[in-house]
Amino acid sequence: MNLLILFGSFFKIGIFGYGGGTGMLPLIFQTVRDLGLVTEKQFADLVAVSQVTPGPIAVNAATFVGFSSQGLAGALVATLGVVIPSFIPILIVMRLMDKYRETTVLTGIMKGVKPATPALIAAAVIFVAQTCIVNCDVFSTELITQWRDMINWIPLAMCAVTVVMVGRFKVNPMIMYGVMALIGAFVCR
């Protein structure tokens, strides 16, 4: 793979991705899978690392994939590819939004786009959950009857504890990442 294809792939993600980094994950996954840049396991690891490292998820993912496939030059090219499409247009859009904020067309567009964001995040959640909590790639009737063998119970418990601690008890997510990383280092080998 050459750097131009890598740049073009992430440029496309930058143009068509909407809803932030988590919302872009399905598009990033489809692109890197189609190009054969990383495996599903590596992508699940990429998502986890992108969550705990500073910076936007899409930028971290682009940097990781670029570095994995083409080294430092690949990291730079993929990162620029995903960032450039949003940089200049956002400057223009902010000017236009200030000018046309109250129009019915702009209000309608925003109301139409907002529901797509949680759907894209849900798709990312399903993908990551499937790679770490469920022991199969395809759900079928036979597999559903054997659900006890399908589920990785320890990661599922870790997921549930994290949701409760962050959602209910408002524990800092970075603390939970650290705690779960330590638990994973000793329990999930």
Side-chain angles (χ1 to χ4, degrees), residues 1-90 113 116-144 146-147 149-152 154-156 158-159 162 177 180-181 184-185 187-189:
M1 155 157 311
N2 67 36
L3 294 175
L4 188 58
I5 292 173
L6 186 64
F7 178 84
S9 298
F10 279 96
F11 190 82
K12 178 182 78 171
I13 291 167
I15 288 174
F16 296 112
Y18 182 79
T22 308
M24 292 172 134
L25 285 175
L27 184 56
I28 294 170
F29 173 69
Q30 180 182 9
T31 301
V32 299
R33 182 193 60 208
D34 292 349
L35 294 174
L37 297 176
V38 294
T39 65
E40 288 186 9
K41 171 84 170 85
Q42 288 172 317
F43 190 78
D45 292 343
L46 168 148
V47 172
V49 169
S50 294
Q51 291 285 340
V52 298
T53 53
I57 295 169
V59 173
N60 292 344
T63 305
F64 178 88
V65 170
F67 188 80
S68 296
S69 65
Q70 296 287 319
L72 190 56
L76 181 62
V77 164
T79 302
L80 286 173
V82 81
V83 170
I84 288 174
S86 61
F87 183 71
I88 294 173
I90 197 66
V113 168
T117 302
L120 291 171
I121 292 170
V125 167
I126 290 167
F127 168 75
V128 173
Q130 185 176 359
T131 61
C132 67
I133 295 174
V134 181
N135 287 326
C136 68
D137 292 330
V138 179
F139 291 101
S140 67
T141 308
E142 297 84 33
L143 289 175
I144 291 174
Q146 301 166 354
W147 62 273
D149 297 331
M150 288 174 39
I151 297 174
N152 289 326
I154 293 172
L156 180 62
M158 292 168 68
C159 178
T162 302
Y177 275 124
M180 291 306 162
V187 178
C188 299
R189 293 183 196 196

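For the atom pair L80 CG and L3 CG, the distance stands at 11.0 Å (nearest 0.5 Å). In this structure, CD in Q70 is found 6.5 Å from CG in L6, a value given to the nearest 0.5 Å. Residue Q30 holds its CD atom at 10.0 Å from CG of L35, rounded to the nearest 0.5 Å. Atoms CG and OG, from L27 and S9 in turn, are 10.0 Å apart once rounded to the nearest 0.5 Å.
Remark: I154 pairs with M158, V187, C188 by the side chain to side chain contact (heavy atoms under 4.5 Å, CB included) rule, at least two apart or across chains. Residues passing the side-chain hydrogen bond (donor to acceptor under 3.5 Å, both in side chains) test with T63, sequence neighbours excluded: T79. With sequence neighbours left out, the side chain to side chain contact (heavy atoms under 4.5 Å, CB included) criterion links S86 to no other residue. F7 pairs by the ring pair (Phe, Tyr, Trp, His ring centres under 6.0 Å) definition with F11, not counting sequence neighbours. Listed by chain and residue number, nothing satisfies the side chain to side chain contact (heavy atoms under 4.5 Å, CB included) test with I126 (two or more places apart in sequence, or in another chain).
Every pair passing ring pair (Phe, Tyr, Trp, His ring centres under 6.0 Å) that includes a residue from residues 32-62 is listed here, sequence neighbours excluded: F29-F43, F43-F127. Residues in residues 45-74 take part in no ring pair (Phe, Tyr, Trp, His ring centres under 6.0 Å) pair, two or more places apart or across chains. Pairs engaging residues 41-51 under the salt bridge (charged side-chain N to carboxylate O under 4.0 Å, His left out) rule: K41-D45 [sequence neighbours left out].
When all heavy atoms of A123 and P26 are compared, the closest pair comes out as CB-CG, 3.9 Å. When all heavy atoms of L37 and Q42 are compared, the pair lying nearest together is O-OE1, 4.5 Å. For the residue pair S50 and A61, the shortest heavy atom distance occurs at OG-N, 3.5 Å. Of all heavy-atom pairs spanning P85 and G14, the tightest one is CB-C, 3.6 Å.
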Using residues 51-58 as the side-chain source, report each donor-acceptor pair under 3.5 Å to any protein atom, sequence neighbours left out, with the distance given to one decimal.
from: Q51; atom 1: OE1; to: Y177; atom 2: OH; distance (Å): 3.1
from: T53; atom 1: OG1; to: V49; atom 2: O; distance (Å): 2.9
from: T53; atom 1: OG1; to: N60; atom 2: ND2; distance (Å): 2.9

